[in-house]
Amino acid sequence: QSRSVTGVVTDSDLGGGLPGVNVLVKGTSSGVVTDFDGNFTVEVNDGAVLIFSFVGYKTEEVTVGNMSHIVVELQLDAEELSEVVVIGYGSVEKKDVTGVVASVDSKQFNKGVIGSPDKLLTGKVAGLQINSSGDPGSSTDIRLRGVSINGEQPLFVVDGVPLDKNSGTVGGRNPLNFMNPNDVENITVLKDASAAAIYGARGANGVIIITTKSGEKGKMRVSYDGFYSISRFSDNKVPIFDADTYRQVIIDKAPQEYEFLGDANTDWVNEVLQVAQGMQHNLSVSGGAKDTKYYASVNYLDNQGVMRKTRNQTTSIGLKLNQSLFNDNLKLTLNSKTGFVKDQFSPNVIGSALRMDPTRPVYEENSPFDGYFQWGSPNEALATANPVSEQDLNDQKGKTFRSLNSINIDYRLPFVQGLSVEAVGSYNYSKGEYDAVASEFLKSRYINERGVGINDEEATKKTKLLETLLKYHTELKAIDTRVDLTGGYSWQNFRQDQTKFAGDSATQVNGKYVSTDTTFFDLAPLENRLISFYGRANIDIKHKYLLTFSLRRDGSTKFGEANKWGMFPAGAIAWRIIEEPWMNWSSDLFSDLKLRAGYGVTGNQDIADYKYNTFYELGDQFATYQFGNEYVRTLRPIGVDPELKWEETVSTNVGIDVGFLDGRLNVSAEYYIKEVNDLLFNVAVPAGSNLSDLVLTNIGKVRNQGFEFVMDAVAVDSENFSWDLNFNMSTNKNEVIRLDNSAFDPLFGGYDDRNNIINGDVGQTIRVLKEGESIYAFKVYEQIYDNTGKPVSSSNPLDMYVDQPTVDTDNDGILDSGDGVINDNDKVVTDSPFPFLMMGLTSNMRYKNFDLSFTFRSNLGGHVYNNNASSMGYFDLLTETNVTNNIHESSYETGFKTRQLHSSHYIEDASFLKLDNITLGYTFSQLKFARIKAYVTAQNLMTVTNYSGIDPETFTGIDNNPYPRSTTFIGGVNINF
Amino acid sequence: CTDLDLKPEEADVDAVVFQDPASYRSYLAKIYAAYTLTGQQGPAGRPDITIVNDEGFTSYIRAYWKAQELTTDEAVIAWSDAGIRDLHYQTWSSNNQFMQVLYYRVYYIIAYANDFLTQSTPSKLSEYGISAADQAVIEEYRAEARYLRALAYWHALDMFRNIPLITSISTDLPSQATPLEVFEFIETELNEVEPQLPDPMSNEYGRVDKGAVWMLQAKLYLNAEVYINESRYDEVITACNKVFGGGYSLHNTYAELWMTDNDELANSEIIFALAHDGDKIQTWGGTTFLVHAAIGGSMDPALYGVGGGWAGTRTTYGMVEKFGDTLDIANMDPRNFFYTAGQTAGINDVATFEDGYAVAKWVNISSTGEAGVDPDFVDTDYPVFRLADAYLMYAEATLRGGANGDMNTALGYINMIRERAYGDTSGNITIGEMDLDFILDERVRELHWEGTRRVDLIRYGQFSDQGVWPWKGGVKEGVVTSSHLDVFPIPASDLNVNPNLKQNEGY
């Protein structure tokens, strides 16, 4: 007896009807597909069973019985969803992945105040370190699988378009701030060379592929996310003396100054900080019909920093349109992501707030410095400037506009089965403006009578990209083999134009400061181009043996004729043991078992342009030389190595993937070795043999090796309670193998890290590059301790520091004796700043309508140089620069009278455990018209560490007044209509 | 499309750049500028030397002055930059950054001069299409480039002694020459460029002429015993006599030699000066360093024409004594610039600016009391050579047995210097008082803080194993040190990459 049954299929997660669901009558071949609203009508016999299936959802079976209307709610199948993994220039099924690819989708992203997509990943991926300061909308430093020397940042690819993330932005903090993090669907990290080599010369530090959200077929979906946040400085452990204690310190150590102390009680650190507020409103609309899908969003993020006068405001607009034509044979995608970012900056005054005498007031009557207390007499010029005045009297603003637009055409060619052609064109434009006004009452300006100062910068960047690629898929049934071939061509041109000027004695005209005493700086435009050819073959034999080969040939304008083109090959194999017939016994135990091995060569070309030829460049108008009455601009050649070429990273990886318990527990383990050969390094050349003291050349070799372990578990999965856990851990050991063609003078102390100057003195460094040591290990004097464990403090350095062997007394070529003098030769290279072990744990729990998630992160084995203690922990500072200064509390532990910047005492263990993020949410599922989720989040709630300073987590291992990290509390709501 | 031809827009390769005759002038200006500026951007940015961290340190004059003064009784510095204290304590190592700067600066200038000479050979000029008239001008530039190279080699010989002698750029590993080879190279070069350079005081300001050649010859020969163990005092006197015949004269007011208008007022006495300008020739080194570093304590920076002091350099009791009774500042030799208010004569702590008298010799004000154009960057030019030094060298060479010298003439020269200082003949000395020790002390009074003290002390054997002044050897009272310190170490960074080099003895 056949009759007609109607029904509706809805989405368990989002509510709403689900279109396109296959409704099949079990045991027959008859069935229907749901319409746009999820409705269906099907003819059935009594006792029939209907099967509802849809990609990405768990299949449901319903016995019709005597029902005439059936309502079915389909559950999302998390496992199904992650089945397809994006790799460069394409995607593969997860089970077919041969390289080391970590995929994180929007459900697993970090929550909270997040200004740029890169921050969504912190702590989520084994071996990926993402560091950002507490500055609102701050930039990130990213490091994947260890440390290198040149440009460690991975390549970012957004919907197929490689971005120039590395180059700094004028007027902004993080070049990725233009992108709305809410638009991101998934982020995939290509970790090993076998996966990243398809990006050739830019793949050495890994590739981070961002896929943004698209509309889906069905009813229009409207979604709103909003939150309000409050942040405060995360630690009260400021290691300086309060005013009362400070007075005692003065009585104790500089009694002659006591009578000159002020009578205020100022907490300078508190004065320069604020409780910061933030908010976000994000609205997205998406949907689609049969051939057209759309997604549009607008986001507003306003984020103050805990340092006064710091703020980041972003308005971003995201659009994506997918159009299918000719029976899905032609697919068009238009994608546009645009951001308007406003930044307000404050000079980093933490250092001076720590140092400023707490007995002095913030304001002082009749002060010529616009009412601010200031050490202002002529012989106090070097004394610390009042940090509050530095904040108030500087007005530093930035404005950036960035727009990434692309069009993607994918055409399945009609005449050859399995062949398609794809073309991508993209134009990425950004304009940044920086506008600073410095009051004439700022200490430095007032005493030099410079008047109001203005400082303006503007930079425009344009990146054009054109790619075409062919894809071919075929199945060789006879040998049960599937082959996917991809080949392409890419052209990318980057250009930056920049202007900059500064002026004194500015006056206000129509609300804007202008100066007649203005200086323009010459800033040469930057331009470089990359042209590439690439190909890849993915071969799947009997579903058991997976092979991937890729080859990329890159041409770059950064190198000379002989070395413009570089070749980057890679290969990987995987063996799906689980598919072997002799593994059948284990089907109850294993759901997956796969061995992988990969090898590849990637490149790094992250160096300045035109370093391959001796170009002669003119100096600017402030660096002339006088011939008679003429100031002649100078012409200088630049010393180069004409043989300059790419840096090459050769990496090898072996890994295993194991799934247990029907996929509820998945484990992966990897071992990798990454060696940078032909490392580009500014090496000392034999004096007189080139036109410079250091020349950039391919000379070094560094090695990173480590072990990674990832575990994903569905601990509980029932109707009322579910609990997912993700744990990742990685180790890394790095070593500088070679840096120069050295004859090796045993006394040579290595190359100072000139990029990271420490506080406390002009131009001092603490990290060094030396063969045989960790990259950027600390170089210090070895502190001598007395029998109470206290560092020895003495006017004779020989009492304080170990006189290292620097003399060869018996002429056997081994330094065996001290020389009775403590000087630069007695510094030794010691600990590494970088952690040996990094771990991340993410937990997501749901109980009925409540959900709770948190992320813990821990680094072990790294070291940090406590630069706040070293630069301020000595008693002479109390009266330095002709005024009274606050000092670091550690001075009483060390007893140091004078500054000991290079004592090993200041190198501390930087291990920590942090609770990065914890969120509690409640979903109101009863409502008809909408689904509402309300949540509270705390970011950076807790740090456990033995480090004596404020925050052990630094990217460089140097703790020197970074922007203070904050703890943030967020209350938000998410509404889906 | 595989077009990968991009070129910088504000720079070009030699084949293009040197088609323009103005490029040779700009390149020559760079070789001069490299003696005091630090890079292509004033005051800092796009540095020349990058092996040390702070670009300001890499100014040749700043580094040279430190090496010649901080290592002696004439100056101490309060700062604690890595290795700076080692200069005064005479405990420097082969990793000392201030030694590194000097060494690499010397070879930087040598490399530029070598490249300039390669790019400007007559055949190259013709190849680049330079006109005959321009070629003649460039020929003069070549002589100057060779002179500047010889001057750099003199500094290298004086400070590092066993050094590579390089006359063209090559990737071959340079090897060490003997001091005699370097000495003879400088000697020959000076002899060859002398006729090609303009007559005294006839070149453009800021550029060298024959006078500079003669001064360098006098310096080289005066120290020949130190360099090559040979006395060449006759040649000192010959060179000085050429200077005296060059039309130079002492400027009437001693203090104006270190003021912003020294280029106009005192150019009859200054034989070769490195130009500075607060607007157009900006550096954190050069005279900007000399003026700022000397101001601290209760000194009012505005009186010296700058916005603030850097509270660094003072002098030791050892130098103060040379000027007379230390308790009677008012009646000391008038050439002193001691600032004593709030300062102690002795030094308990090198790091305390108030320990030791300040010396306000270098200033950023003009003879009429006007401050320089900029409170940060100083206008005052740096005299490399001046006439008074020639008078002193003549007297010393005569006293050391120079056969063509005359004692009475020498006395006359010495008394000219002293009359200028005292304003009358009250400071004049007799022939009996004029001995070698007097000359050494008179050089302190006349030339202190002008970067000549270390060379003088070594010539007199007083720098290391003899001669004691406060904090020499790192001890408050001062101690004698090892004689190997008369020569600086070759930087470890160069030894590390050039196996042909051997470290100087004792390091």
Side-chain angles (χ1 to χ4, degrees), chain A residues 378-379 381-382 447-448 491 524-525 527-529 531 555 557 564 610 613-617 619-628 631-637 684 686-689 691 693-694 740-745 747-749 752 754 757 761-765 821 823-825 898-899, chain B residues 1-2 4 6 8-11 13 17 23 25-27 29-30 32-33 37 40-42 49-51 53-54 80-83 86 91 93-96 104 107 110-111 164 166 171 173-174 204-207 275 280-282 297-298 300-301 307-308 311 375 492-499:
Chain A
N379 61 354
L382 292 179
I447 61 177
N448 285 332
W491 179 96
E527 186 160 14
N528 60 66
R529 188 175 302 155
I531 293 173
T557 53
K564 277 208 186 308
Y610 313 121
N613 204 339
T614 302
F615 286 98
Y616 287 76
E617 56 165 6
D620 75 10
Q621 68 272 42
F622 313 113
T624 68
Y625 190 74
Q626 186 182 359
F627 282 175
Y631 290 88
V632 183
R633 287 181 68 174
T634 65
L635 185 73
R636 172 181 79 173
S689 69
L691 287 163
D693 57 336
L694 302 182
D740 52 35
N741 281 318
S742 60
F744 202 66
D745 179 11
L747 289 176
F748 179 58
D752 288 340
R754 296 186 304 277
I757 304 294
D761 217 334
V762 183
Q764 298 268 18
T765 61
V821 165
N823 61 19
D824 301 275
N825 285 356
T898 54
R899 181 168 42 205
Chain B
C1 174
T2 55
L4 289 170
L6 282 181
E9 292 180 22
E10 300 196 352
V13 293
V17 164
S23 292
R25 189 169 169 85
S26 282
Y27 201 179
K30 178 64 194 179
Y32 279 100
L37 298 189
Q40 292 306 83
Q41 194 175 312
I49 303 279
T50 50
I51 202 159
N53 304 303
D54 190 86
S80 49
D81 310 302
D86 292 332
T91 52
S93 75
S94 57
N95 280 305
N96 187 290
Y104 285 101
Y107 279 100
I110 289 167
I166 305 157
T171 50
L173 283 182
E204 286 179 304
Y205 185 79
R207 294 172 58 186
K280 301 180 193 73
I281 311 178
Q282 294 182 355
S298 64
D300 181 356
S493 51
D494 205 24
L495 291 172
N496 196 45
V497 293
N498 186 350

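Chain letters run A, B, ... following the sequence lines, proteins first and then strands; every chain starts at 1. Note: hydrogens, waters and symmetry copies are ignored here, and every other heavy atom, side chains too, is used.
Interface residue B/Val497: backbone and side-chain heavy atoms are both found under 4.5 Å from chain A. With a 4.5 Å cut-off on non-hydrogen atoms, A/Val762 touches chain B through its backbone and its side chain both. Both the backbone and the side chain of B/Gln282 come within contact range of chain A, with heavy atoms under 4.5 Å apart. Residue B/Leu37 touches chain A through its side chain alone, counting heavy-atom pairs closer than 4.5 Å. Within the 4.5 angstrom heavy-atom criterion, atoms from both the backbone and the side chain of A/Ala623 approach chain B. Heavy atoms closer than 4.5 Å to chain A are found in the side chain of B/Tyr104, but not in its backbone. For B/Ile110, no part lies near chain A; criterion is any non-hydrogen pair under 4.5 Å. Proximity to chain B involves both the backbone and the side chain of A/Leu691, based on heavy atoms less than 4.5 angstrom apart. For A/Thr614, the part lying under 4.5 angstrom from a heavy atom of chain B is the backbone only. In this structure, chain B has a heavy atom under 4.5 Å from the side chain of A/Tyr631, while its backbone stays farther away. In this structure, chain A has a heavy atom under 4.5 Å from the side chain of B/Asp494, while its backbone stays farther away. Both the backbone and the side chain of B/Ile281 come within contact range of chain A, each with at least one heavy atom under 4.5 Å from a heavy atom of that chain.
Interface check for chain B: of the options A/Asn613, A/Asn528, A/Asp761, A/Val632, the most heavy-atom pairs under 4.5 Å are formed by A/Asp761. Across B/Ala492, B/Ser493, B/Ala111, B/Ser298, the residue that shares the most heavy-atom pairs under 4.5 angstrom with chain A is B/Ala492. The most heavy-atom pairs under 4.5 Å with chain B, out of A/Ala381, A/Gly749, A/Pro686, come from A/Pro686. Taking B/Gly308, B/Ser23, B/Ala29 one by one and counting their heavy-atom pairs under 4.5 Å with chain A, the maximum is reached by B/Ala29. Note on A/Asn379, A/Thr765, A/Leu635: by heavy-atom pairs under 4.5 Å with chain B, the leading option is A/Leu635. Taking chain A as the reference chain and counting heavy-atom pairs below 4.5 Å, the highest number among B/Asp81, B/Val17, B/Asn498 is found for B/Asp81. Chosen from A/Ala684, A/Pro525, A/Ala687, A/Gly555, the residue pairing most often with chain B at heavy-atom distances under 4.5 Å is A/Ala687. For the set A/Arg899, A/Gln764, A/Arg636, the entry with the most heavy-atom pairs within less than 4.5 Å of chain B is A/Arg636. For the set B/Ile51, B/Thr171, B/Ile166, the count of heavy-atom pairs under 4.5 angstrom toward chain A peaks at B/Ile51. Of the listed residues B/Asp54, B/Thr91, B/Asn53, the one with more heavy-atom pairs under 4.5 angstrom with chain A than any other is B/Asn53. The most heavy-atom pairs under 4.5 Å with chain B, out of A/Asn741, A/Leu694, A/Ile447, A/Leu747, come from A/Leu694. Listed options B/Ala311, B/Gly206, B/Gly83 were ranked by heavy-atom pairs under 4.5 angstrom with chain A; first place goes to B/Gly206.
In terms of modelled atom types and a separation under 3.5 Å, the side chain of A/Thr557 and the main chain of B/Leu4 share no donor-acceptor contact. The main-chain N or O of A/Phe627 is never found under 3.5 Å from a side-chain atom of B/Arg207 such that the two would form a donor-acceptor pair.
When only modelled atom types and interatomic distance are considered, A/Asp740 and B/Asn496 share a side-chain donor-acceptor pair under 3.5 Å. Residues A/Asn823 and B/Asp86 have side chains that never bring a donor and an acceptor to within less than 3.5 angstrom of each other.
For the atom pair A/Thr634 OG1 and B/Arg25 CZ, the distance stands at 13.0 Å (nearest 0.5 Å). For the atom pair A/Trp491 CH2 and A/Ile531 CD1, the distance stands at 7.5 Å (nearest 0.5 Å).
The minimum heavy-atom distance linking A/Ile757 with A/Gly763 is given by the pair CG2-CA, 3.8 Å.
Between A/Ser689 and B/Leu173, the closest side-chain pair of non-hydrogen atoms is not below 4.5 Å. The closest side-chain heavy-atom distance from B/Tyr107 to B/Pro174 is not below 4.5 Å. The closest side-chain heavy-atom distance from B/Ser94 to A/Phe748 is not below 4.5 Å. Annotation: side chain of A/Gln626 is not in contact with side chain of B/Lys280 (no heavy-atom distance under 4.5 Å).
Between A/Tyr610 and A/Phe615, the angle of the ring planes goes over 60°, which puts this pair in the perpendicular group of the 30/60° scheme.
Between B/Lys30 and A/Glu617 no salt bridge is recorded (no basic side-chain N to carboxylate O distance below 4.0 Å). Looking at A/Asp620 and A/Arg633, no side-chain N of the basic residue comes within less than 4.0 Å of a carboxylate O on the acidic one, giving no salt bridge.
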